[in-house]
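Below, each value reflects all heavy atoms present in this structure, side chains not excepted, and no hydrogens, waters or symmetry copies.
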Amino acid sequence: MGSITDVKGVLVGNYEDFENLTGATTIIIEKGASSGVDVRGGAPGTRETDLLKPENLVEYVNAIYIGGGSAMGLEGASGVSRYLEERNIGFDTGVKKVPIVSGAIIFDLAIGKPVYPDIQAGYMAAKNATDNFNANGNVGAGVGATVGKIRGMNFAMKGGLGTESIKIGDIVVGALVVVNALGDIYDFDNKIIAGALNDGKNGFINTEEFILKTQTNEVPFKNTTIGVIATNVKLSKSKLKRLAIISHDAIARRIKPSHTIFDGDTIFTLSTNEIEFEDLLTLGVLFENVLENAIINAIKYAKTIQNIIAFEDLKV
């Protein structure tokens, strides 16, 4: 399998709290990367996303932070900023360099103890960053991730973190995603591989069918799938924004329903600006495909935690 760190200059670091079941993941680009973002879910928790708009001043980000703990978990991004500040990495204001750290959080407070990654957790995630990352499942912000929560946590399954890359000639596209969805996860044969379980916990109820049948609007557990897709192709902020929009198709294909009022689905796109390639149609397909594969990896490599069953332990 590939990894987002197959894109030269992209580092990934993680912090994990297996006692309280939460964590944080940081994608660091020390030299900076052009970036775009698109938020489609109705319950997002984000940091420094407005500056990624094409019309705004700052051209580069130094890190993308993904954390557990709901809105409180955004505190971890300050730890990433502190780590980068100590290394004089950031946007040069003329007075000092200010690290640009965008990010988003998932809601994992309903699993384990309601603990969130703090500044120290974010700092450790940044300190652990490596250019040789290739892990999936219960990793970083994926530690407390779950899916299929329409009937509550007693019938939910384990989500997680996934990564993958695609290479075509000199073009490299890599993705990292934390899958923490309300909906069910589908494989490439359009079969559910993780989601809301039936009463016997030996099969699925099909979340979309359940919603249509019950017309429920009472979902106490907030969710969110957060993806980061990086490439070495030179791209402007406006093109990266378009690719972020396109890439949400990957979430819609693999997670049903997606982009709900209870999800904060967000995709960040990054460019290290190394090579020229003008074909956005081809890049759009690559971005979609690599994110789809990362979503599948997050589920298939997850491990059962407490009473939250993972893909490998489900007896269907």
We want to know whether [X] and [Y] form a side-chain donor-acceptor pair, criterion being a heavy-atom distance below 3.5 angstrom.
X: T22; Y: D108; result: yes
X: T266; Y: D38; result: no
X: N202; Y: N198; result: yes
X: T224; Y: D263; result: no
X: K149; Y: N223; result: yes
X: R242; Y: S247; result: no
X: K256; Y: N190; result: yes
X: E86; Y: Y123; result: yes

Item to check | Salt bridge D184-R254, side-chain N to carboxylate O under 4.0 Å | outcome: no
Item to check | SB check E288 R253 (cutoff 4.0 Å) | outcome: yes
Checklist entry - side chain to side chain contact (heavy atoms under 4.5 Å, CB included) with F133: which residues, sequence neighbours excluded? => result S3, T5, V12, N14, T130, A135, V139, L161, T163, L176
Do other residues, nucleotides or ligands put more than 12 heavy atoms under 6.0 Å from [X] [atom1]?
X: D92; atom1: CG; value: yes
X: K201; atom1: NZ; value: yes
X: I261; atom1: CD1; value: no
X: Y186; atom1: OH; value: yes

For [X] and [Y], indicate whether the former's side chain and the latter's backbone hold a donor-acceptor pair under 3.5 Å.
X: T26; Y: Y65; value: no
X: N56; Y: L52; value: no
X: N138; Y: K303; value: yes
X: N180; Y: I106; value: no

Next on the checklist: Could you see if I29 belongs to whatever hydrophobic cluster contains L51? Use Ile, Leu, Val, Met, Phe, Trp, Tyr and a side-chain cutoff under 4.5 Å.
Outcome noted: yes
Next on the checklist: With clusters defined by side-chain heavy atoms of hydrophobic residues (ILVMFWY) lying less than 4.5 Å apart, directly or transitively, does F155 cluster with F311?
Outcome noted: yes
Next on the checklist: Restricting to side-chain hydrogen bond (donor to acceptor under 3.5 Å, both in side chains), what partner residues turn up for E16, sequence neighbours left out?
Outcome noted: none
Item to check | T282: side-chain hydrogen bond (donor to acceptor under 3.5 Å, both in side chains) partners, not counting sequence neighbours | outcome: D279
